[in-house]
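Notes to accompany the following structure.
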Amino acid sequence: MGLFSGGKSYSVKLYGSGVLSRPALPVPLVDKEVRLLASEMLRLMRKFDGIGLAAPQVGKLLRLIVLEIPEPEEYTSKGEELLLPRMPLTLVNPVIVGSSRETATREEGCLSVPEIFAPVTRPAVVELCATTLDGETITCECGGLLGRCLQHEIDHLDGKLFVDRLTRDASKEIAGELSALERTAMRNHYNRR
Ligand code: ZN
């Protein structure tokens, strides 16, 4: 059971856990508790070698995400230039206010859906609006892995997982693994009682 339990207070919720499909509420105020949550999320994300984590994944229905995206060989957007040197980064109430018509397809994974990977098609570039823990407003166009990761994490805030965005074929391919994971999550849930 140790694998996905994350220390004293938080653990990463797995596929099948109800909290992952519910919409999260805006963070009204960045107080001590929100800062503590963000640092716990960062700790868990690093523990499991993730590049992004959203608060619902640790059971908190708040619009808060943490990112730690590696630097690419070259930037393809202003947002990467601005944000990648600032990793790890916590974003409060992030919103996607615009999307490119151009799309990109790339394999995704998720700490809540461990060891399952599948290709997801998303807008190649998105315009992000968010604030930092210090109240700074960030507005920028984000492409590359950053743009993709932002869309994946903000999906979590709307109760959506990458496996909800697959083509029918890709969906079929992982169906068996997903139901096995769901059974594990259920078993763990009952064990915890
Ligand atoms: Zn995820």
Side-chain angles (χ1 to χ4, degrees), residues 1-71 83-94 107-118 120 128 130-134 138 142 145-164 177-178 180-193:
M1 263 289 301
L3 188 57
F4 293 104
S5 61
K8 285 166 276 172
S9 38
Y10 295 109
S11 63
V12 175
K13 306 294 175 194
L14 293 185
Y15 181 80
S17 169
V19 73
L20 293 174
S21 53
R22 287 160 58 192
L25 295 171
V27 177
L29 173 79
V30 175
D31 55 13
K32 210 170 137 192
E33 210 174 313
V34 169
R35 285 174 194 277
L36 196 65
L37 171 63
S39 72
E40 266 299 290
M41 286 166 59
L42 194 60
R43 191 182 67 78
L44 281 169
M45 178 179 71
R46 285 177 161 167
K47 182 174 166 188
F48 295 114
D49 281 327
I51 58 171
L53 191 69
Q57 291 182 273
V58 300
K60 288 294 266 186
L61 284 168
L62 279 177
R63 304 191 80 87
L64 186 75
I65 66 175
V66 294
L67 302 170
E68 190 159 36
I69 314 255
E71 296 259 359
L83 299 181
L84 292 184
R86 296 173 62 173
M87 297 287 155
L89 186 65
T90 301
L91 296 177
V92 180
N93 300 327
E107 198 142 275
E108 291 189 20
C110 179
L111 295 186
S112 295
V113 192
E115 286 164 49
I116 296 177
F117 302 88
V120 185
L128 167 75
T131 57
T132 65
L133 283 178
D134 298 323
I138 291 175
C142 302
L145 183 57
L146 173 64
R148 173 167 300 270
C149 190
L150 281 167
Q151 293 177 74
H152 176 116
E153 300 311 330
I154 292 172
D155 267 355
H156 275 300
L157 306 183
D158 297 323
K160 211 165 203 149
L161 299 175
F162 82 97
V163 294
D164 302 326
E177 289 171 278
L178 262 191
L181 181 59
E182 198 164 11
R183 282 196 299 274
T184 309
M186 291 274 281
R187 209 161 42 231
N188 289 347
H189 178 73
Y190 289 115
N191 284 347
R192 275 189 200 121
R193 283 182 178 199

Begin with the C-alpha distance, continue with both residues' side-chain angles, and end with the deciding distance and a verdict on side chain to side chain contact (heavy atoms under 4.5 Å, CB included) for Phe162 and Asp155. CA-CA 8 Å; Phe162 82 97; Asp155 267 355; over 6 Å; no

Atom pair CD (Glu115) and SG (Cys110), whose distance is rounded to the nearest 0.5 Å: 13.0 Å

Rounded to the nearest 0.5 Å, what's the gap from CD1 on Ile116 to CG on Leu178? Could you check? 4.5 Å

Is any side-chain heavy atom of Met87 closer than 4.5 Å to a side-chain heavy atom of Pro70? no

Short side-chain to backbone donor-acceptor contact, Arg148 and Glu108, under 3.5 Å: no

Hey, what do you get for SG (Cys149) to CD1 (Ile154), rounding to the nearest 0.5 Å? 9.5 Å

Answer whether the closest heavy-atom distance between the side chains of Thr132 and Arg86 falls below 4.5 Å. yes

What is the distance from atom CG of Leu91 to atom OG1 of Thr131, rounded to the nearest 0.5 Å? 8.0 Å

So, Asn93 side chain and Val27 main chain: donor-acceptor pair closer than 3.5 Å or not? yes

If you look at every heavy atom in Leu20 and Gln57, which pair is closest and at what distance? CD2-CA, 3.8 Å

Looking only at non-hydrogen atoms, find the nearest pair between Met45 and Leu53 and report the distance. SD-N, 3.9 Å

Among Leu67, Leu145, Val66, Leu111, find the residue that satisfies the side chain to side chain contact (heavy atoms under 4.5 Å, CB included) test when tested with Ile51. Leu145

Without swapping roles, check the side chain of Asp31 against the backbone of Glu33 for a donor-acceptor pair under 3.5 Å. yes

Heavy-atom pair of closest approach, residues Glu153 and Ala54: OE1-N, 3.4 Å

Checking Thr90 against Leu42 for the side chain to side chain contact (heavy atoms under 4.5 Å, CB included) test, could you report, in this order, the C-alpha distance in whole Å, the side-chain angles of both residues, the deciding distance, and whether it holds? CA-CA 8 Å; Thr90 301; Leu42 194 60; 5.7 Å; no

Which atom of Leu128 lies closest to which atom of Cys142, heavy atoms considered: CB-SG, 4.2 Å

I would like to know whether Leu37 and Lys60 meet side chain to side chain contact (heavy atoms under 4.5 Å, CB included); could you show each step before the answer? CA-CA 9 Å; Leu37 171 63; Lys60 288 294 266 186; 3.8 Å; yes

So which atom in Pro56 and which in Leu62 form the shortest heavy-atom distance, rounded to 0.1 Å? CD-O, 3.8 Å

Side chains of His156 and Leu161: closer than 4.5 Å at any heavy-atom pair? yes

I want to check something: taking the side chain as every heavy atom from C-beta on, are Val34 and Leu29 in contact at a cut-off of under 4.5 Å? no

Testing the basics here: between Gly109 and Phe117, what is the closest heavy-atom pair and its distance to 0.1 Å? CA-CD2, 3.7 Å

Arg43 and Tyr10: side chain to side chain contact (heavy atoms under 4.5 Å, CB included), yes or no, with the steps? CA-CA 10 Å; Arg43 191 182 67 78; Tyr10 295 109; over 6 Å; no

Do the side chains of Asp164 and Ser21 get nearer than 4.5 Å, heavy atoms only? no

